[in-house]
Every structure is written in structure tokens, then in C-alpha cells.
Amino acid sequence: MADAKVIPFDDDRSRARRRPARADGETAAVRALPGPQEPEPPALPGAEEPAAPVAPGPPAARGDWERRLAGGLAFLRRRITGEYEVDEFGYDEELTDQVLMSLLRPLYEKYFRVEVKGVENIPDKGGALIVANHSGTLPLDGLMMQVAVHDHHPAGRHLRLLAADLVFVLPVVNELARKAGHTLACAEDAERLLRAGEVVGVMPEGFKGLGKPFGERYKLQRFGRGGFVSTALRAGVPIVPCSIVGAEEMYPMVGNARTLARILGLPYFPLTPTFPWLGPLGALPLPTKWTIQFGEPIPTDSYAPEAAEDPMLMFNLTDQVREQIQHTLYKLLVQRRSVFF
């Protein structure tokens with residue numbers, strides 16, 4: 001199999017590509033051109049009227065099916081021949097749009113029934129850093145946030161998530177994460193993405209938020225040392241706080257088998273009411289109802305370049321982002337009717 005062509009991250013060709021339009025509904029009817037029409041010759045006496053041609057099947061449905069088939073075959077051909085593009089981080093936009101998002105969408109729309117608010121707060125162009133809370137034992141909240149931006153932003157933007165080291169040492173997961181646009185959570189890579197005009201997502205709580213016990217749900221953990229604020233200041237991009245409600249209850253973590261976690265090299269080994277007691281069935285998340293709200297962006301372009309080295313400014317901005325996320329979480333919890341509805 002031929003290798004995919006690697007293109008520079010800031011190549012104009014990668015920015016000019018657009019998501020292929022979905023073929024929904026019926027095809028447009030063809031209108032007759034204006035102008036004089038040739039009169040039909042009169043029918044000869046005794047001649048029979050010609051029967052109207054009958055199309056075999058609904059033309060709109062047939063055309064839609066043919067387009068889908070042709071598109072699928074063309075996609076497979078490009079995969080086999082290697083005629084597709086990835087950026088220097090390994091991001092495969094075509095595979096993400098046509099395959100990975102399609103696999104995540106039923107979980108997003110039907111299982112968690114995610115409601116999105118404030119997605120218009122993400123800029124239509126240019127870099128932006130989305131900072132969100134992290135929870136749920138497994139990092140499904142980041143994937144659902146990625147679908148929310150991909151499917152609901154008016155400009156059809158793509159979210160590039162910063163992921164922990166563990167993601168890139170797991171077989172299969174490593175390759176899928178790279179293809180979906182995930183990048184190692186380091187300041188250098190994040191700054192390059194932001195300067196290239198990408199929307200980048202970070203969850204500063206890390207494993208502290210992901211593996212916290214159920215009794216501490218929706219209580220934000222420490223946001224590190226404010227490295228994400230320093231990155232945003234250097235790139236001069238706005239920070240968009242994001243609050244996610246619903247992920248905390250999908251795997252209620254009532255215990256942590258620390259000894260087993262150390263043996264397996266994991267940050268924690270969750271014990272829930274169903275896992276590991278029910279085996280693989282216990283790994284199925286509960287169908288909780290989710291809400292993802294993007295808050296008002298916090299601009300950083302008014303600060304001087306040396307502001308990224310000011311520890312007091314970083315502390316104040318970090319605290320501002322954290323408080324905005326926590327306040328929105330409480331507000332969303334008060335508004336929701338039930339964990340599952």
C-alpha cells in the first residue's frame with residue numbers, strides 16, 4: 001500500500017479543502033431553458049399515441065444511492081492507493097469527516113443526546129483555545145466535544161484535542177487519535193496549532209478530573225500551573241471556557257483499585273456499580289443526558305508578548321477561566337430535570 005502524502009501543516013492546500021457536502025433529500029429538478037420552442041408536428045390520422053417512457057424506480061432515490069456508492073468507492077480507492085493527505089501531526093481530515101465522525105455521531109445524538117449551547121462563541125476563523133472540565137472515568141467527553149464543534153459550528157470548524165502521553169502509547173488508540181487530529185499535550189505543539197489558525201481543545205484537570213470519585217462530581221480539580229494560559233498569550237488567541245454536564249454519571253466511580261492500577265501502569269483502575277463485576281457488560285456507559293456549553297471568549301491579544309512570562313497574570317487568567325467553568329456547571333446542574341432526561 002502506498003504511503004499517504006504528508007503536507008506541511010500551514011500549506012494553503014490543506015486549508016482550502018472543504019468537507020464534502022452530505023447528499024440529503026431529493027435532487028433538484030432541471031428547468032427548461034427559456035426561448036421559442038419547436039412546434040410538434042401534427043399526428044397522422046389513425047396513428048397511435050406513443051407511450052410515455054417509464055423510469056425504472058424513483059429517480060431521486062436512485063441518483064442519491066448512486067452518488068453515495070460512487071463516493072464510497074472513490075474513498076476506498078484513495079485509501080488503497082495512498083492518495084490522501086495528512087498534516088505533519090498525522091491528522092487525516094477526510095478520514096475524520098467521513099468515518100470517525102460517523103462512528104461517534106450515533107453515540108452523540110442517540111445515546112447521550114447531547115445538547116450544545118454557545119457554539120457560536122468559537123471564532124469563525126483564526127486560532128482559539130477551548131478549555132473544558134474533564135470527567136467520566138473514560139475520556140468520552142473530549143470526543144463528544146469534538147463532534148459538537150464539528151457538526152454544529154456555523155463555519156464547520158475542526159477541534160484539535162491535546163491528549164495525555166498514555167493515549168499515544170496504546171496500540172490502535174495511538175493511530176486513531178493521530179488520524180482524528182489529537183496531539184500530545186505539550187506547549188510547543190499547541191502553540192504551533194494555534195498560530196496556524198486551528199481550534200485547540202485542552203482539559204487541564206487531566207487524570208485528576210477523569211478519575212475523581214463520584215462523590216466529588218462537578219467539583220473542578222486543580223488546573224495545573226496555567227500552562228494553557230501561557231500558550232494562549234504567546235499565540236494571541238482567545239480562550240473559550242467550556243462546561244460539560246452529564247459525563248460524571250456515565251461511569252459512577254465508587255472506588256479505585258490502586259494496586260491493580262500500578263501493576264497495569266494506569267493512573268487509576270475504576271470500580272463502578274457494574275465494572276468489573278459484570279465483566280464486559282459493566283464497561284457499557286450509562287445513557288446519561290449531556291449538555292455542552294461554550295462560554296464567552298476571553299481575549300488575550302491585548303497583552304504584550306512578555307505577558308506570557310508574568311506568573312501573576314497567568315494565575316489570574318487561570319482562576320478566571322476555572323471560575324467561569326465552575327459557575328456554568330452549577331447553573332446547568334440547576335437547570336437540568338434529570339440525569340437521564
Side-chain angles (χ1 to χ4, degrees), residues 9-10 89 118 121-123 125-136 139 141-142 145 149 159-168 181-213 216-244 247-248 267-268 292-331:
F9 183 78
D10 57 352
F89 293 95
N121 287 321
I122 302 172
K125 58 182 179 179
L129 182 66
I130 298 178
V131 182
N133 59 304
H134 206 16
S135 63
D141 50 0
M145 184 170 65
V149 175
L159 178 62
R160 307 291 295 270
L161 289 171
L162 302 180
D165 299 7
L166 180 61
V167 173
F168 300 104
H182 303 179
T183 305
L184 185 65
C186 66
E188 292 78 10
D189 286 353
E191 187 174 346
R192 289 181 65 194
L193 286 166
L194 291 170
R195 289 188 182 278
E198 296 288 337
V199 178
V200 178
V202 62
M203 295 172 161
E205 292 177 281
F207 290 122
K208 300 188 300 296
L210 197 61
K212 65 176 177 286
E216 297 181 14
R217 61 192 181 278
Y218 298 115
K219 296 178 181 177
L220 293 183
Q221 305 299 299
R222 185 170 171 267
F223 266 24
R225 300 174 182 174
F228 68 92
V229 170
S230 176
T231 302
L233 286 170
R234 287 191 177 93
V237 300
I239 300 173
V240 181
C242 177
S243 302
I244 304 173
E248 295 274 16
Y268 55 87
I292 300 178
Q293 179 161 336
F294 299 95
E296 291 286 338
I298 300 171
T300 65
D301 54 356
S302 60
Y303 296 98
E306 59 271 14
E309 308 300 330
D310 185 347
M312 185 58 64
L313 176 62
M314 284 195 297
F315 174 81
N316 290 335
L317 285 176
T318 301
D319 191 57
Q320 180 183 352
V321 174
R322 187 179 182 278
E323 287 300 316
Q324 188 168 334
I325 294 173
Q326 184 70 81
H327 176 74
T328 304
L329 285 174
Y330 288 147
K331 184 173 69 174

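Along the sequence shown, residues carry numbers from 1.
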- prompt: Hey, mind stepping through L233 and D310 against side-chain contact (heavy atoms from CB on, under 4.5 Å) and telling me if it holds?
  reply: CA-CA 10 Å; L233 286 170; D310 185 347; over 6 Å; no
- request: Any chance you could lay out the side-chain contact (heavy atoms from CB on, under 4.5 Å) test for R234 and L194, step after step, and finish with the verdict?
  value: CA-CA 10 Å; R234 287 191 177 93; L194 291 170; over 6 Å; no
- prompt: Could you go step by step and tell me if M203 and I244 meet the side-chain contact (heavy atoms from CB on, under 4.5 Å) rule?
  reply: CA-CA 11 Å; M203 295 172 161; I244 304 173; 4.1 Å; yes
- request: Decide yes or no on side-chain contact (heavy atoms from CB on, under 4.5 Å) for D319 and F223, but give the supporting numbers first.
  value: CA-CA 9 Å; D319 191 57; F223 266 24; over 6 Å; no
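At least one donor-acceptor pair under 3.5 Å links the side chain of E248 to the backbone N or O of Y218. The closest donor-acceptor contact from the side chain of E205 to the backbone of H134 lies under 3.5 Å. Remark: the backbone N or O of G209 is not paired with any side-chain donor or acceptor of E216 at under 3.5 angstrom. The backbone N or O of V321 sits nowhere less than 3.5 Å from a side-chain atom of E323 that would complete a donor-acceptor pair. In terms of modelled atom types and a separation under 3.5 Å, the side chain of R322 and the main chain of R222 share no donor-acceptor contact.
Distance CD/Q320 to OG1/T318: 10.0 Å, rounded to 0.5 Å. One finds the CG atom of N121 at 8.5 Å from the CD atom of Q293 (value rounded to the nearest 0.5 Å). Interatomic distance, CG of D141 versus CG of N133, reported as 7.0 Å (0.5 Å rounding). How far OG1 of T231 is from CZ of R195: 10.0 Å, rounded to the nearest 0.5 Å. To the nearest 0.5 Å, atoms CZ (F294) and OG1 (T328) are separated by 12.0 Å. Atoms OG and CD, from S243 and Q326 in turn, are 8.5 Å apart once rounded to the nearest 0.5 Å.
Between V240 and G295, the closest heavy-atom pair is CG1-O, 3.6 Å. Contact record, I292 with C242: CG2-SG, 3.6 Å, taken as the closest heavy-atom pair. Between G201 and L159, the closest heavy-atom pair is N-CD1, 3.5 Å. In terms of heavy-atom proximity, A128 sits nearest to P123 at CB-CD, 3.7 Å. A307 approaches L313 most closely through the heavy-atom pair CB-CD2, 3.5 Å. Minimum interatomic distance between G181 and R160 (heavy atoms only, all atoms of both residues): O-NE, 2.9 Å.
Residues F89 and L193 meet the side-chain proximity criterion, which asks for heavy atoms closer than 4.5 Å. Side-chain contact between V200 and V237 is absent, with no heavy-atom pair separated by less than 4.5 Å.
The pair E198-R192 does not meet the salt-bridge criterion, since no charged nitrogen lies less than 4.0 angstrom from a carboxylate oxygen.
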